[in-house]
Amino acid sequence: MAEKLPASLEKLNTEEYLLNMGPQHPSTHGVLRIILKLDGEVIKDVVPVMGYIHRGMEKMFENRKYDQIIPFTDRTDYLSAVNNNFAYVIGVEKLLGVVVPERAEYLRVILAELNRIMSHLLWLSAYGMDVGAFTPLLYIFREREEIIAMFELITGNRLTHNAFRLGGFKYDVPKTFFEKLEKFISHFADNLDEYETLLINNVIFKSRTVGVGVITKALALSYGVSGPSLRGSDIKMDVRRDTPYSAYSKFVFEIPTGKNGDTWDRCEVRMNEMRQSLSILQQAMQGFPQGDIMAKIPKIIKPPAGEVYTAVEGPRGEVGFYIISDGTEKPYRVKMRVPSFSNLSALKDMTVGFKIADVVAIMGSLDLVIPEIDR
Amino acid sequence: MTPVEILEKIKTKFPGVASTEAFGILNMETEQNKLRPLLVFLRDELNFDFMNFMTGVDRPTENIIEVVYQLFSFTTKASIVIRVKLDRTKPEIETVSDIYRTAEWHEREAAEMFGIVFLNHPDPRILLLPENFKGQPLKKDFRHPNMTPLPEVK
Amino acid sequence: MLKYIKDIITGAITLLEGMAITFKYMFQKPITLQYPEQKAQMTTRFRGRLVMPVDEEKGDNRCTACNICVKACPNYSIAVERLTDETGKPKPKAASFTYNMGTCMFCNLCVEVCPFSAIVMSEEYELAVYDRKSLIKDLVAEKYKLKGRKGKWWISKFKDEEQV
Amino acid sequence: MTAFMQFLKDLLYDSGKAFGLIYDGGHKIWAGFNLPPLTLDIIFLLIAAACAAAFIAINALFIIWFERKISARMQLRRGPNRVGIFGIFQTVADTIKLLIKEDITPKAVDKLAFFLGPLLVMTSTFMVFLVMPFGKGLIAADLNIGVIYILAVTGLTVLGLLCAGWGSNNKYSLIGGMRSAAQIVSYEIPNVLVMLTIVLLSGSMKLGDIIAAQPTVGYVWMQPVAFIIFLIASNAEINRGPFDLPEAESELVSGFITEYSGMKFAFFFLAEYTNLFIAGALGAVLFLGGWTGPVLPPFMWFMIKSYFVVFLLMWIRWTFPRIRVDHLMEFAWKVLIPIALLNLVVTAFVIKFH
Amino acid sequence: MEYGMLLAFLVFALIFVVGGVAANWLLMPHKPNATKNSTYECGVEPISDANIRYNIRFYVYALMYVVFAVEAVFLFPWAVVFKEIPGLMPLFEAVLFILILVLALAYAWKKGALKWD
């Protein structure tokens with residue numbers, strides 16, 4: 001359609017039109033609005049509109065004490081509450097100069113990896129829904145429910161755990177937790193294989209994902225895409241390996257990567273990541289040390305003036321907290337670096353030229369959590 | 001690469017940059033007009049290929065707004081923080097969104113939250129705030145009629 | 001041409017594998033919990049809502065109106081008023097303990113800081129109400145009785161759990 | 001008494017004979033009253049149509065419940081189990097709910113097209129039952145162009161969906177309607193070719209003759225490829241399963257039924273499930289020998305076979321992800337149609353040289 | 001009688017639908033408001049009218065359908081009498097006819113009418 005049509009035929013040309021996808025749409029996973037410019041089914045332009053659930057988290061942080069901020073971090077990315085806690089807590093501990101006991105570090109790793117599996121499972125089930133397969137969701141929710149029950153044992157909450165405290169944990173682990181964990185590890189790998197056969201290796205699924213939403217290495221890096229979405233583009237990026245935090249340097253694990261940076265690669269990376277998390281869980285459970293669960297920290301937390309940026313590898317990518325302390329009880333400024341924010345910014349380069357159905361598939365493969373973007 | 005090595009390399013090209021070190025990360029300050037060449041140098045010569053984030057910090061007591069860029073290199077696993085101090089009454093800075101594309105959205109956010117003007121920005125619309133919102137919420141002196149003061153507890 | 005046929009066959013095999021899985025699950029027991037009749041068993045640490053249980057030995061709650069929980073609450077959902085005697089001197093007793101469930105995040109911070117174990121998170125989870133006002137509760141007036149276990153079990157509920 | 005027993009037995013096993021008796025008896029009585037025989041014929045016609053309507057309504061209610069139960073079992077759920085035993089009256093309750101719900105007609109819609117949508121869809125679905133052989137002699141009209149009639153009437157559905165899609169004046173509906181039109185016409189062709197193969201084998205377009213011509217096991221053993229193509233193509237034609245693009249929930253919200261509510265929505269719903277049954281029934285008639293079978297009454301056999309095919313379609317639906325629209329079209333034109341054509345030619349050759 | 005049945009079915013189908021909608025209209029509450037009567041587009045105001053000149057892609061399929069369906073309909077009479085006519089003549093005639101269909105398909109395939117973009 002490149003050549004100019006004569007004026008008399010101009011009216012016969014297909015019309016490009018704008019379509020709102022969201023804020024209330026079944027597959028935007030939250031209150032995200034995407035304005036699509038379409039020619040028939042083919043996408044010509046994508047404009048994400050955000051901020052529908054902007055809560056001013058960063059402003060709120062400035063008005064809360066250091067230990068009060070932890071429950072708020074749960075609520076930015078509600079699917080990986082523990083990893084958000086993690087990033088914030090190690091930041092403040094760095095400022096305070098607190099050394100966390102090993103037992104607490106191990107428990108943190110266990111919780112973080114469980115949380116990663118939990119988040120990926122939800123992604124897998126939601127992704128099944130996105131591409132039109134409803135059934136995997138209900139199978140996957142069995143396993144997810146098991147993990148939630150484990151979290152409930154330790155923290156008492158099912159989704160927004162508020163699990164970590166500055167310096168470790170408030171309460172020690174109940175014995176039943178490890179029994180459950182062992183049971184979970186024993187059957188999870190098999191179930192994962194089953195889901196892979198049911199969904200990921202399905203020929204229809206492959207036809208919808210292979211070669212769709214390709215993002216090149218250089219572009220992904222430039223966009224600051226992180227986590228599985230970046231690893232899908234064949235970059236061995238993992239905060240757990242690049243800048244090891246907590247006890248991660250003690251565990252052996254691989255970093256799965258994709259080859260082409262398409263949607264299927266991102267899916268496969270997540271599936272393999274769950275297997276790696278499972279192996280970390282096994283190692284952590286075997287080497288779980290005795291000792292204290294809480295470091296000695298002052299009653300009133302006043303970190304010395306300074307600033308720190310700490311990041312952890314969340315399920316969606318690099319979750320970072322940039323904390324500036326001015327020596328008072330409350331932080332001077334907290335900036336959250338959220339993975340979905342950068343991942344979503346690359347959406348336009350991934351989707352243009354594909355179809356409506358692909359937008360859903362691509363957005364699903366980025367595993368967006370909207371409250372995290374809006375903060 | 002250790003922070004010292006990075007600093008030495010930078011000093012060969014940009015003599016006289018102020019820098020400190022905190023938690024093993026080089027923390028350097030530069031002027032507004034040197035920022036873009038510095039970032040291009042860091043990206044192309046020192047392999048800082050990943051921008052973690054970019055944000056602003058409001059410091060009303062010193063009458064400045066800081067712009068902070070954090071970079072990371074996947075090849076050397078090193079991080080670096082670059083900050084630029086802007087005049088708080090008229091904060092203006094050149095965009096870096098063509099050097100790191102992720103900066104485009106981060107700059108849009110910083111623009112609406114701190115009122116920083118990013119010159120030559122490709123898409124200077126608001127990002128998170130409602131369209132008719134007035135004020136820059138992350139400035140320390142921001143007040144809004146809907147804000148309720150927190151109760152004082154003895 | 002050969003690839004065309006091969007693609008069709010391998011594709012059909014993956015489809016049949018999927019169908020075998022769904023068929024297998026058809027004969028498994030449903031995992032549904034029939035909600036209003038069957039209810040989920042909550043763990044000891046479950047954070048339902050904040051309650052101020054009546055200590056049966058004391059015949060009253062254990063609150064001393066020390067305001068530590070108020071300071072700890074990130075959302076300012078708690079307000080405590082101290083009881084005063086006739087002369088206006090404050091007594092170590094709460095006259096009212098206003099708890100706003102609407103703004104509560106169920107983060108457990110208030111329970112953790114309470115030096116007297118006066119408050120605890122209960123196991124209730126059906127907390128929805130029709131009227132927003134009824135989310136604001138006065139825990140002192142409520143005189144909540146923790147069900148199920150005896151005495152002051154909640155004070156040591158985490159210590160009683162079997163540890164690794 | 002024995003005559004009455006014989007009549008009941010006929011009614012069950014050879015309905016044609018029993019209806020013949022009723023028809024003749026009715027006319028004798030009618031002639032006794034000196035009334036013109038045409039009036040009685042009209043009454044009989046209306047009764048037959050009313051029976052079909054009642055069957056459609058009850059069957060749709062059952063099939064919806066059946067699907068909900070089957071999908072629930074496949075997903076480790078229980079499915080409806082509150083209204084009536086095993087929740088069998090759940091769909092009745094849902095229908096009543098839809099009946100007393102407000103039927104919203106948005107301001108921007110083209111009112112005529114908006115109403116024509118469900119009307120055309122439901123009418124075309126209804127009309128198919130004219131030639132549906134439920135049992136021996138249990139058929140409203142065994143037209144001698146039966147197969148073509150079915151193809152023609154189901155083809156009307158496209159118009160209804162296009163009306164709904166265009167008339168709603170909603171972009172999601174528009175995309176859904178367009179998709180469904182392209183999809184249904186594309187999959188009509190493999191379906192036509194498959195039916196052509198069956199007609200080739202049986203030598204008649206009458207559904208009754210097709211059933212009679214089949215060996216005891218049905219054509220499915222002679223034409224397994226045709227059966228698979230039929231399953232896929234009819235699944236696509238009724239917009240279900242991995243081919244539910246016109247109403248693809250995660251992409252188009254609800255496609256062409258986005259703006260519909262109340263009874264108009266119910267008619268789309270009803271038509272979808274009735275079409276599902278029609279697909280099952282056609283599969284039973286064309287490939288599984290229709291109502292033939294030992295011991296049980298023909299009607300029972302027909303229903304069992306139909307529901308078996310319906311179950312296959314449900315199984316497919318609840319297992320697979322949704323196909324993308326371009327793959328869908330390519331699959332029809334590049335895979336199904338060549339195979340169906342090849343199958344047709346091979347069948348013709350085998351018939352001639354066998 | 002048979003086509004009378006067809007008419008009866010048609011009449012009944014129309015009664016069925018119109019009656020259903022009418023019953024619904026009688027039973028339902030009538031409380032329209034502006035929000036309810038607006039077009040749904042994910043909770044925001046629709047950007048533009050939906051009656052647009054749509055992509056040609058879909059109409060191409062309809063055209064191809066006409067070609068194939070009409071030819072297939074011509075084949076039905078042949079299929080009915082195929083067994084009864086002796087000799088190989090009907091077979092070869094039909095194969096020739098189908099070959100033309102295949103050629104049409106191959107042409108469309110080659111021309112890219114089956115490709116989406």
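Lettering follows sequence order; numbering is per chain, from 1. As the structure is a prediction and not an experimental result, all values here were calculated from the model. Computed from heavy atoms alone, side chains included, the values below leave out hydrogens, waters and symmetry copies.
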**Asked** Which residues in residues 332-351 of chain A have a heavy atom less than 4.5 Å from any heavy atom of chain B?
**Response** A:Y332, A:R333, A:K335, A:R337, A:F341, A:S342, A:L344, A:S345, A:D349

**Asked** In terms of heavy-atom contacts, does CD of B:E62 have more than 12 from other residues, nucleotides or ligands at under 6.0 Å?
**Response** yes

**Message:** With a strict 4.5 Å heavy-atom criterion, list every residue of residues 45-55 of chain A that contacts chain B, or say none.
**Reply:** A:V47, A:P48, A:M50, A:G51, A:H54

**Message:** Counting only heavy atoms from other residues, nucleotides and ligands, does the tally under 6.0 Å from CG of B:L119 exceed 12?
**Reply:** yes

**Message:** I'd like to know if the side chain of A:K59 and the backbone of B:P137 have a donor-acceptor N/O pair within less than 3.5 Å.
**Reply:** yes

**Request:** Return yes when atom NZ of B:K140 has more than 12 non-hydrogen atoms of other residues, nucleotides or ligands closer than 6.0 Å, and no otherwise.
**Result:** yes

**Message:** For the interface with chain A, which of B:R125, B:E104, B:H106 has the highest count of heavy-atom pairs at distances below 4.5 Å?
**Reply:** B:H106

**Request:** Check the surroundings of atom NZ in A:K37: do more than 12 heavy atoms from other residues, nucleotides or ligands lie under 6.0 Å from it?
**Result:** no

**Request:** For the residue pair A:R375 and B:E109, establish whether any side-chain heavy-atom pair is separated by less than 4.5 Å.
**Result:** yes

**Prompt:** Are there residues of residues 52-59 of chain B that reach to under 4.5 Å of chain A by heavy atoms, and which ones?
**Reply:** B:N52, B:F53, B:M54, B:T55, B:G56, B:V57, B:D58, B:R59

**Prompt:** Measuring heavy-atom distances to chain B, does A:E318 have an atom under 4.5 Å in its side chain, in its backbone, in both, or in neither?
**Reply:** side chain

**For chain A, the option from B:R83, B:M51, B:R43 that forms the most heavy-atom pairs under 4.5 Å** = B:R83

**Request:** Flag yes if more than 12 heavy atoms outside B:E92 fall under 6.0 Å of its CD atom; otherwise flag no.
**Result:** yes

**Item:** 4.5 Å side-chain heavy-atom contact, A:S222 and B:F50
**Value:** no

**Complete:** Output for pair (A:D238 CG, B:F74 CZ), nearest 0.5 Å, gives 9.5 Å

**Item:** Contact origin within B:L129 toward chain A - heavy atom pairs under 4.5 Å
**Value:** side chain

**Request:** Decide yes or no for A:L221 and B:Y100: does some side-chain heavy atom of the first lie under 4.5 Å from some side-chain heavy atom of the second?
**Result:** no

**Message:** Report which part of A:L219 has an atom under 4.5 Å of a heavy atom belonging to chain B: side chain, backbone, both, or neither.
**Reply:** side chain

**Message:** Taking side chain as everything from C-beta outward and backbone as N, CA, C, O, which of these in B:I99 sits under 4.5 Å from a heavy atom of chain A? Side chain, backbone, both or neither.
**Reply:** backbone

**Prompt:** Is it the side chain or the backbone of A:E62 that comes within 4.5 Å of chain B heavy atoms, both, or neither?
**Reply:** side chain

**Message:** Could you tell me if the side chain of A:Y309 sits less than 4.5 Å from the side chain of B:V81, heavy atoms only?
**Reply:** no

**Request:** Can you establish whether the number of heavy atoms outside B:K139 located under 6.0 Å from its atom NZ is more than 12?
**Result:** yes

**Message:** For a 4.5 angstrom cut-off between non-hydrogen side-chain atoms, does A:D242 reach B:F72?
**Reply:** yes

**Item:** Non-neighbouring partners of A:N20 that pass side chain to side chain contact (heavy atoms under 4.5 Å, CB included), sequence neighbours left out
**Value:** A:R33, A:I35, E:E41, E:V44, E:I47

**Fill in**
With chain B, the option among A:T243, A:I373, A:V225, A:I235 that has the most non-hydrogen atom pairs under 4.5 Å is A:V225

